[in-house]
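Note that this is a predicted model, so its numbers are computed, not measured. We use all heavy atoms of the structure for the numbers below, so side chains are in, but hydrogens, waters and symmetry mates are not. Lettering of chains follows the sequences in order, A, B, ..., and the numbering in each one begins at 1.
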Amino acid sequence: MSKGNWLTEFPQMDRSDLLVIRKGLDGAYKEFSRSYGEIIENLFEPLLRFLVWFEKLLVNSPWWLIIAVICSIVYSATRSVKLTVGVLIAFFLIGYFGMWENTMRTLSIIFVCTMISIAMGIPIGIMMSRSNRMQSIITPMLDIMQTMPAFVYLIPVVMLLGIGKVPGVIAVVIYAIPPVIRLTNLGIRLVDKEVLEAATAYGANSTQRLFGVQLPLALPTIMAGINQTIMMALAMVVIASMIGVKGLGQPVLKSITNQYFTLGLFNGLAIVALAIVFDRVSQAYGKRTQKHMERAQ
Amino acid sequence: MIEPLIRIEGLYKVFGVAPKKAMSMVKDGVPKDDILAQTGHTVGLKDINLDIQKGQIYVIMGLSGSGKSTLIRHLNRLIDPTEGKIIVDGEDVMKLGQKDLEQFRRHRMSMVFQRFGLMPHRTVIENVAYGLTVQGMNKKDRLAKAGEWIETVGLRGYENQYPSQLSGGQQQRVGLARALCTDADILLMDEAFSALDPLIRSEMQDQLIELQEKLHKTIVFITHDLDEALRLGDRIAILKDGELVQEGAPADILLHPATDYVEAFVKDVNRARALTVETVMKPPAHRITKGTIAEALQQMKTFSSDYGYYCTDEGYQGFLLQSTLEEAVKLDGSKAIQDDLFEDLPPISPDTVLEEIIPDSMGANYPLPVVDKEGDLQGNLPRSSLAEVLSN
Ligand SMILES: Nc1ncnc2c1ncn2[C@@H]1O[C@H](COP(=O)(O)OP(=O)(O)OP(=O)(O)O)[C@@H](O)[C@H]1O
Ligand SMILES: [Mg+2]
C-alpha cells in the first residue's frame, strides 16, 4: 500500500482507509444516538428530575438554614467543634463574596455524583474482590476511565444526550468512580484471612461474611476510596461546566476565556474550600468509626 | 472397639492448579520436593488414616510445614481434600451440601486459632457470641450465654472492651470462650497457645485441662511443642512432610519412637516431667496375701527376693521384709500381721509424674509400691527401671 520505503517511513494505513473507518464508526454511533437517544434520555428522566429538585432545594432554601444543616451534619459526623467552626466560616465567606448560588449548585451535583458512585462502586468492588477473573476484567477498564482525557468521553455522552445536567453527571461519575471500586476491592482483599476463616469455621454463609466481617473491616479503606471519589468529582466541576453543568465551574470557564483573574481565583478558592470541607469531614468521620482499632496503642 | 467420633480415611491433599494430575506421582511415592520441582504442586497431606475417640484430647504434632493446619482444616472442610474420607459421627462430611455444611460447622465443631481470629470491630461479648449470632439466636439470649462463658474463662468485666484492648492471653481466652459458647462437641485448636509466652501458656493449658474435666469435649489440638502435647494429649499423632509417622499414647511415643524423626523430636523432652509412674512401673509381684506371720514368711520364701507387699481384701497394707518376719515368727508365728511389722516405704500413685517421686525412689532400697486411688497395689517401681527410663 505505502509507496515509500517501509524502513524509513512507518508503514502507515492508507489515509482513505482511515477515513472510511472514522466515518463508519462516527456514522454508526450517530445512527445509534439518533434512534436510541430519546429512549436513553427517558431512562435518565427520573435522575434529571431529582437533580433539578435537589438543586432547587439547595438554592431556594434560606442561606442560614443551609449553613445550620451543614454545620450540624459536620458536627454529628466528626464531633469536632474546630472543624465545625471552620466550615461555618468557609460557607460564610463564600456567601459574602457572592458565590452562594453557584456553590449550592456545585454542592448538589457533587452530592448526587458521589451517591451514584458509591451506590454503583461498592457493589462492583465487592464483585471484583470475589473473583480474580472479575478483577482482571475490571482493572483495565478502570485504568482507561482514569487515564482517558475527560474530553474524549464527553464527546459520545454529549452526542447521545446533548448538553445538560445528566451528561454532566455521567461524565463526573465515569471520572470519579474508579477509586471507590478499587479501594472497596482492595479493602475486602486485605481483610485478615484468619478472621474471615474464623467466620467460616463458625458456619457463617457468604452474606454473613460480607456484612459481618468483610465490609466492616474494609470500611477504613472504602472510606478512603469515597474520599478520593469526592475529590475527583470536585476536580471535574470545571470540565463538566463545559457541557452545561451550572455551578462554580462556569465562572472559572468564563474567566479563562475573558482573562478575569480575580473571578477565576475566587471561584477556584470556593472549589478548594468545598474540597477541604468534604475531605476533612469524611476523614474525621472515617476515623471516628474506627476508634476501637486505635485505642489499643 | 467403639466407633470413633472422627475417622479419617486415606486422606490426600495436593495444592496446585491440577491436583488430580499430581496424585499418581504422590501415590507412587515420589518425594514431596521432587513433585514440587517437577509439577509445581505441593503435597499437603499423604494417605492419612486416623481415628479420634469421643472425649479425647487428640494432639497432632509436627514441625512447621508438616501439614498440621492443613489436616485440622479438613475436619470442618475449610479445606477440601483431593482424595479421601472424613467421617464424623458416622456421617461423611464430604457429602454435605453448602447449607448442611454450614449447619455442621455451627453446631458440631468450633475452632480456636493461633492468632486468635477475633473480630476487631466487635466487643469481647459480641465476639464470644459470634457463633450464636451466625446461628440466628436473638440478641438477649446470646449475650446472656456469652456472658456466662466470659465468666468461666475469667474475663468478667471485659465484656465491652475491644480485642485490641486485651493482652494476648486474654484474647485467646476470648477465642476459647467463643469456641465453647456454641456447645459444639468437637473443639479444633490450631496452635491455640503457640503465640503466648510460656507462663500464660501453661496457665491456659491448666485451664483447658480443667474445663475438659467438666465438659468432656472431643478436642483436636495442634502444637509443635512436645511438652505441650504430652501434657494435654490422650493420644498423639506425629506428622512429617504430610505423612503420619506415628500415632499412639504419649508414653508409647516417648518410650518407643517409631522413626529417627520421632526420636529426634522426643530426645530433648524432660522425661521425668512427661512420664507418669504408671508408664514405667513393673507389674505387681511379691504380693503377700496370707494373714499370719508364719504363712506370710512361707509365701515370701517362694519369691526370689527377701521382701513383699502385704495386701488384703481392703487393698495394700504395708511393706514387709523377710528379716522382720523371721524375727517375728520366733516369737509367735500364728499371730496376724500387724502394722508394727511394716517397713517405712512410701507408696506412690500411678499417675504421679516421675519427677515428683525421684527423691522417694532414690532414698528407698526397695522398689516403691504403686497404689491407686482405691488402695489397690498396681505394681512396683524399682530404682533401676526409673534410672533406665530417665537416662536415655
Ligand atoms: N493454600 C496453599 N497453597 C499451596 N500450598 C499450601 C497451602 N497451604 C499449605 N500449603 C503447603 O502445605 C504444607 C503444609 O502446610 P501447613 O500450613 O499445613 O503446615 P503446618 O504444619 O501447619 O505448619 P506451621 O507449624 O508452620 O503452621 C506446606 O508445605 C505448605 O507450603
Ligand atoms: Mg499451621
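Between Asp192(A) and Arg115(B), some side-chain heavy-atom pair lies under the 4.5 Å cut-off. By the 4.5 Å heavy-atom criterion applied to side chains, Glu194(A) and Gln114(B) are counted as neighbours.
Nearest approach of Glu102(B) to Asn205(A), heavy atoms of both residues: OE2-CB, 3.3 Å. Of all heavy-atom pairs spanning Leu217(A) and Pro120(B), the tightest one is CD2-CG, 3.4 Å. Contact record, Arg105(B) with Ala201(A): CB-O, 3.4 Å, taken as the closest heavy-atom pair. Contact between Ala198(A) and Gly117(B) at its shortest, heavy atoms only, is CB-O, 3.5 Å.
Only the side chain of Thr182(B) comes within contact range of chain A, judged by heavy atoms closer than 4.5 Å. Only the side chain of Leu78(B) comes within contact range of chain A, with at least one heavy atom under 4.5 Å from a heavy atom of that chain. Using a 4.5 Å cut-off between heavy atoms, Ala184(B) makes no contact with chain A at all. For Arg178(B), the parts lying under 4.5 angstrom from a heavy atom of chain A are both the backbone and the side chain. When heavy atoms are compared at a cutoff of 4.5 Å, Phe104(B) does not approach chain A at all.
Within a 6.0 Å sphere centred on OH of Tyr158(B), heavy atoms belonging to other residues, nucleotides or ligands number 12 at most. Enclosure of atom CZ in Phe15(B) by more than 12 non-hydrogen atoms of other residues, nucleotides or ligands within 6.0 angstrom is indicated. The environment of NZ in Lys145(B) is crowded: more than 12 heavy-atom neighbours from other residues, nucleotides or ligands sit within 6.0 Å. Within 6.0 Å of CZ on Phe50(A) lie more than 12 heavy atoms contributed by other residues, nucleotides or ligands. The environment of Met94(B) atom CE is dense: over 12 non-hydrogen atoms of other residues, nucleotides or ligands sit within 6.0 angstrom. For Tyr285(A), the OH atom is loosely surrounded, since the number of other residues' heavy atoms within 6.0 Å does not exceed 12.
Between Gln208(A) atom CD and Tyr130(B) atom OH the span is 6.0 Å, to the nearest 0.5 Å.
Looking only at distances, no side-chain donor or acceptor of His121(B) sits under 3.5 Å from a matching main-chain atom of Val213(A). Within the 3.5 Å criterion, the main-chain N or O of Leu132(B) finds no donor-acceptor partner in the side chain of Tyr202(A).
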